[in-house]
Amino acid sequence: MSRLHSCTIHEFPLPARAYYAAAPARWKTPAVSKRRPAPSRGRRRQWSLLPFLTLLGLALFAGGFLLGRAGATGNNASSPATLSNQPFAFLPEEPEPKGSDPVRILSVPGAVHSGKEGQTAGEENWALILISKEHPLPENFQPPELTQLRNSHAIDSRVYPSLQKMMDACRAEGLEPLICSSYRTWETQSELFENKVQSCLPKAGSRQEAEELAAQWVARPGTSEHQAGLAVDIVDKSYQLLDEGQEKTAVQNWLMEHCADYGFILRYPTEKSAITGVGYEPWHYRYVGEAAAQAIMSEGLCLEEYRKDG
């Protein structure tokens, strides 16, 4: 008789273990080196040429800049500016010291002069020529000499010294006068007049009426003092509108008081419109010479009255 034995299973807990799966041989990758790979031969050559190319570019730029300045200086000294196919002289950016001649005066070939009773602009009273609807300039009129100012403006060269002195004196008082109009060609005056006519047409009954209205504010071609190179429009830099408000500016107050000292007059006073045929323009100054200017401004005359009395 066999003995029966009972089997008892005892479970013994296994100690905690960490199992790691080993990577197959094909997963193994070579160690990455921290050193940067050596540049290729072509790249090494490119970096070695960079400083040389930079220096070469700077040298070429400097050479071109110096040659450009030399060329510009030569052109200014030898070639006068041209406006409407007429020669002018350049005015330097900064005024020259007193006593020196800052510009070179050039004659305008084929100039046509105009004056009262056949007197030409080259005679003593060239500054007193009357230019108006009743006394128009010939279409081919040109001032005998012009001096170019800044910003493409120009004026009769005989007027330039007095104009420069007046502007310098005004600036010396801390004011900022600005020339907004000066010599005009026939074509420019025609364009200005036509623009004014077009603006008057809506309130005019006909083209003729529009022209008559426009002529009160913009001279017809041939009747503008600007075409003779004897007049300039000057405004205050702080107020650049051509209206009656201009008379209230500091620049106009100074000019109206001192312009005669330099041979200029306020050409179109408000109380003389019936005589001059032009509306009030507290910005339009005309050169007539110092003696005539003193008489006109002190006696409250206009140029038409002075010429009649003189």
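From a predicted model like this one, the values you see are computed outputs, not experimental measurements.
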Which pairs of donor and acceptor atoms, one on a side chain in residues 274-281, lie under 3.5 Å apart (sequence neighbours left out)?
| unit_1 | atom_1 | unit_2 | atom_2 | d |
| --- | --- | --- | --- | --- |
| T276 | OG1 | K272 | O | 3.2 |
| T276 | OG1 | V278 | N | 3.2 |
| T276 | OG1 | V278 | O | 3.3 |
| Y280 | OH | E247 | OE1 | 2.6 |

Examine distances only and state if a side-chain atom of [X] and a backbone atom of [Y] form a donor-acceptor pair shorter than 3.5 Å.
X: S157; Y: L146; value: yes
X: Q252; Y: K248; value: no
X: Q246; Y: Q240; value: no
X: S182; Y: A154; value: yes
X: D236; Y: V251; value: yes

With a 4.0 Å cut-off on N to O distance, would you call [X] and [Y] a salt bridge?
X: R207; Y: E211; result: yes
X: R286; Y: D233; result: no
X: D168; Y: K165; result: no

Are the side chains of [Y] and [X] in contact, using a 4.5 Å heavy-atom criterion?
X: L163; Y: I179; result: yes
X: H226; Y: S181; result: yes
X: L130; Y: L128; result: no
X: Y285; Y: L266; result: yes
X: M297; Y: C259; result: yes
X: I265; Y: Y306; result: no
X: P136; Y: T223; result: yes
X: V218; Y: N195; result: no

To the nearest 0.5 Å, what is the distance between [atom1] ([X]) and [atom2] ([Y])?
X: L213; Y: Q208; atom1: CG; atom2: CD; value: 11.0 Å
X: W217; Y: S199; atom1: CH2; atom2: OG; value: 12.0 Å
X: Q189; Y: E191; atom1: CD; atom2: CD; value: 10.5 Å
X: S190; Y: R220; atom1: OG; atom2: CZ; value: 11.5 Å
X: R171; Y: K237; atom1: CZ; atom2: NZ; value: 9.5 Å
X: L175; Y: E173; atom1: CG; atom2: CD; value: 6.5 Å

Is there a chain of hydrophobic side chains (I, L, V, M, F, W, Y, each step under 4.5 Å between heavy atoms) that links [X] to [Y]?
X: Y268; Y: L255; value: no
X: L137; Y: F193; value: no
X: W254; Y: Y239; value: no

Taking only residues two or more places apart in sequence or in another chain, which ones pass ring-ring contact (aromatic ring centres under 6.0 Å, His included) with W186?
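Residues passing ring-ring contact (aromatic ring centres under 6.0 Å, His included) with W186: none at all.
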
Verify side chain to side chain donor-acceptor pair (under 3.5 Å) between Q227 and R184, making sure each step is shown before the conclusion.
CA-CA 5 Å; Q227 293 180 251; R184 298 174 190 162; over 6 Å; no

Which atom pair, heavy atoms only, marks the closest approach of A214 to K196?
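Where A214 meets K196 most closely, the heavy atoms are CB-CG, 3.6 Å.
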
Considering all heavy atoms, the nearest P143-D156 contact
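Heavy atoms of P143 and D156 come nearest at CB-OD2, 4.1 Å.
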
Step by step, would you call Q216 with E212 a side chain to side chain donor-acceptor pair (under 3.5 Å)?
CA-CA 7 Å; Q216 295 179 12; E212 292 175 356; over 6 Å; no

Run the side chain to side chain contact (heavy atoms under 4.5 Å, CB included) test on L192 and T188 for me, step by step, so that the C-alpha distance in whole Å, both residues' side-chain angles and the decisive distance to 0.1 Å come before the verdict.
CA-CA 6 Å; L192 291 174; T188 299; 4.3 Å; yes

Fit a plane to each ring of Y287 and W126, take the angle between them on a 0 to 90° scale, and name the class: parallel (under 30°), tilted (30 to 60°) or perpendicular (over 60°).
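Geometry flag for W126 against Y287: parallel rings.
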
Please lay out, stage by stage, how I234 and M167 fare under the test side chain to side chain contact (heavy atoms under 4.5 Å, CB included).
CA-CA 10 Å; I234 304 176; M167 298 291 283; 4.0 Å; yes

By the rule that ILVMFWY residues connect when side-chain heavy atoms come within less than 4.5 angstrom, directly or transitively, which residues belong alongside V235?
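In the cluster with V235 are L178, L242, W283.
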
Show your reasoning for whether side chain to side chain contact (heavy atoms under 4.5 Å, CB included) applies to R267 and L303.
CA-CA 7 Å; R267 180 64 178 93; L303 182 58; 3.7 Å; yes

Go through the steps for Y183 and H153 under the test side chain to side chain contact (heavy atoms under 4.5 Å, CB included), then give the verdict.
CA-CA 7 Å; Y183 169 73; H153 291 298; over 6 Å; no

